[in-house]
Amino acid sequence: MSTDFQKAREDLGRRLRTLRTESPRGPLTGTALSASLGWAQSKVSKLENGRQTPTAEDLRAWADATGHPGAYDELHGRLKGFESHIRSWRRQLSSGHRPVQETWNEVTAAARVLHVWDSFAVNGLLQTPDYARHVFESYATLQNSPCDTEDAVRARMERQRWLYQPGRLLNLLMWEGALRAKVCPPEVLAGQLDRLLGVIGMDTVRLGIVPMSAALRVPPANAFWIVGERLVITEDWHAELWLDGSDTVALYRRVWESLCASAVFGTEAQHVIARTRQAMVA
């Protein structure tokens, strides 16, 4: 997967390499630099090749150790520029929903563990085709984007193969309001709730429901995905935000854990879903 923020990280890595090799004290090897900083040599390699995001402290240390203390402001500016990468829906959906879903497929395929909070709709990894179809049609109308609904649905269903691969784990928290949101006809929503009931107990899914009656440590707010421990993806009406900063990822993880404390799992989660389905049918 090649994203704008990954390209920016690689550009920053090349700049770090240049500072190392053009040190006024003479060219430094990666081994010498890592030794002077007290880092593992692999960290220097990962930073220079864009495989790891540096912290502001890393950049300060690098600039000082290579004899370029004045380069810190430039390096920090580059870091802030790609820590929060905005991917506008207008640009992403210019060719329809299918390319966006394929990008998500690549993101998911590379991860073994996901921590997700959904506050407004059922998560795409657990959607039925009919439910997904109505969601895509709604957003295509809202964004005035090409309507490639069937291709988008197929791409989203392809992503669900992730759930059946050993070693994967979806840690999903859902607001009860997302179960009740009538984004589709009642019979479609009933089928979707049946699907949720069926995934409870799967080895690769840990599904928690936050009841609307639960005491909350934090407001439910926006949905988000934590991909591994390196990336957060959240969205608003105008864009997706891809957040790649250790402090930011840690913050979202604390939010997830706070919401998890209000969630119910297993049989209790099944009761909430079944109660919602019964109320809807009634």
Side-chain angles (χ1 to χ4, degrees), residues 93 96-109 111 114-143 145-165 168-212 220 223-225 227 233 235 240 263-282:
L93 297 176
H97 275 89
R98 181 184 58 80
V100 177
Q101 293 306 301
E102 290 177 342
T103 296
W104 269 92
N105 290 0
E106 294 177 7
V107 170
T108 305
L114 302 169
H115 288 82
V116 184
W117 164 244
D118 270 315
S119 56
F120 59 85
V122 173
N123 185 267
L125 278 170
L126 299 181
Q127 288 179 7
T128 66
D130 285 342
Y131 185 97
R133 189 170 291 110
H134 285 278
V135 171
F136 285 129
E137 289 174 350
S138 296
Y139 280 117
T141 299
L142 175 68
Q143 300 288 350
S145 61
C147 190
D148 61 344
T149 301
E150 296 308 316
D151 287 342
V153 169
R154 280 192 289 272
R156 176 161 286 182
M157 295 303 107
E158 175 69 18
R159 181 156 79 248
Q160 295 184 5
R161 294 175 58 186
W162 186 90
L163 295 170
Y164 302 96
Q165 298 174 11
R168 301 297 199 260
L169 180 59
L170 170 62
N171 294 288
L172 173 61
L173 301 176
M174 289 182 58
W175 179 235
E176 183 183 344
L179 306 178
R180 297 175 176 270
K182 296 180 180 178
V183 297
C184 58
E187 63 274 14
V188 173
L189 185 54
Q192 178 61 73
L193 296 178
D194 288 340
R195 162 71 168 153
L196 292 180
L197 289 169
V199 302
I200 293 178
M202 284 181 61
D203 291 341
T204 57
V205 179
R206 181 174 179 241
L207 174 60
I209 305 296
V210 178
M212 298 182 74
F224 59 85
W225 290 56
V227 182
I233 303 176
E235 64 182 65
E240 275 183 342
V264 295
F265 295 85
T267 302
E268 290 182 81
Q270 287 179 318
H271 287 163
V272 175
I273 298 169
R275 184 177 68 238
T276 301
R277 190 187 190 287
Q278 184 177 10
M280 180 195 65
V281 173

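Just the heavy atoms: all of them, side chains too, but no hydrogens, waters or symmetry mates, feed the values below.
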* N123 side chain to D118 main-chain N or O, any donor-acceptor pair under 3.5 Å? -> no
* Do P220 and W117 have side chains that get closer than 4.5 Å, going by heavy atoms? -> yes
* Asked: Tell me, do I233 and W104 make a side-chain contact under 4.5 Å, heavy atoms counted?
  -> yes
* Atom CD1 of I200 and atom CD of Q270: how far apart are they, to the nearest 0.5 Å? -> 4.5 Å
* Taking E268 for the side chain and G208 for the main chain, is one N or O donor matched with an acceptor at less than 3.5 Å? -> no
* **T276 side-chain N/O to R180 backbone N/O, donor-acceptor pair under 3.5 Å** => no
* Do N171 and V116 come close enough that some side-chain heavy atom pair is under 4.5 Å? -> no
* To do: Test side-chain contact (heavy atoms from CB on, under 4.5 Å) on N105 and T108 and set out the steps.
  => CA-CA 5 Å; N105 290 0; T108 305; 5.8 Å; no
* To do: For Q165 and T204, indicate whether the former's side chain and the latter's backbone hold a donor-acceptor pair under 3.5 Å.
  => no
* Compare every heavy atom of M157 with every heavy atom of A132, then report the nearest pair and how far apart it is. => CB-CE, 4.2 Å
* List the steps, then state whether side-chain contact (heavy atoms from CB on, under 4.5 Å) holds for Q278 with R275. => CA-CA 5 Å; Q278 184 177 10; R275 184 177 68 238; 5.6 Å; no
* Asked: If you round to the nearest 0.5 Å, how far is CG of L169 from NE2 of H115?
  -> 7.0 Å
* **Minimum-distance pair of heavy atoms, taken over all atoms of A140 and P146** => CB-O, 4.4 Å
* Answer yes or no: is there a side-chain heavy-atom contact under 4.5 Å between L207 and I273? => yes
* To do: Could you tell me whether the side chain of M212 reaches within less than 4.5 Å of the side chain of W175, counting heavy atoms only?
  => yes
* When rounded to the nearest 0.5 angstrom, what distance separates CE in M280 from CG in L189? -> 4.5 Å
* Verify, without hydrogens or angle tests, whether Q101 (side chain) and V153 (backbone) share a donor-acceptor contact under 3.5 angstrom. => no
* Closest heavy-atom pair and its distance - V205, V199 -> CB-O, 4.2 Å
* **From CG (L114) to CZ (R168), nearest 0.5 Å** => 9.0 Å
* D194, CG: over 12 other non-hydrogen atoms inside 6.0 angstrom -> yes
* Please name the pair of heavy atoms, one in A121 and one in A178, separated by the smallest distance, quoted to 0.1 Å. => N-CB, 3.6 Å
* Asked: Would you say W162's side chain and A111's backbone share a donor-acceptor pair under 3.5 angstrom?
  -> yes
* Rounded to the nearest 0.5 Å, what separation is found between the CG atom of L179 and the CD1 atom of I209? -> 5.0 Å
* CA sep, side-chain torsions, deciding dist, call: E158, R154, side-chain contact (heavy atoms from CB on, under 4.5 Å) -> CA-CA 6 Å; E158 175 69 18; R154 280 192 289 272; over 6 Å; no
* **Check: D148 side chain, H97 main-chain N or O, donor-acceptor pair, under 3.5 Å** => yes
* Give a yes or no answer on whether the side chain of Q192 reaches the backbone of L126 with a donor-acceptor pair at less than 3.5 Å. => yes
* Straight-line distance of F265 CZ to L172 CG, nearest 0.5 Å -> 9.5 Å
* Asked: Taking side chain as C-beta onward, heavy atoms only, is P211 less than 4.5 Å from V264?
  -> yes
* Is any side-chain heavy atom of V100 less than 4.5 Å from a side-chain heavy atom of Y139? -> no
* Pairwise side-chain contact, R98 with E102, heavy-atom cut-off 4.5 Å (strictly under) -> yes
* Closest non-hydrogen atom pair between Q127 and Q160, with its separation -> O-NE2, 2.8 Å
* **Salt bridge flag under 4.0 Å for residues R133 and E137** => no
* Hey, mind stepping through F136 and R156 against side-chain contact (heavy atoms from CB on, under 4.5 Å) and telling me if it holds? -> CA-CA 10 Å; F136 285 129; R156 176 161 286 182; 3.5 Å; yes
* Nearest atoms (heavy-atom pairs only) where V210 meets A263 -> CG2-CB, 3.9 Å
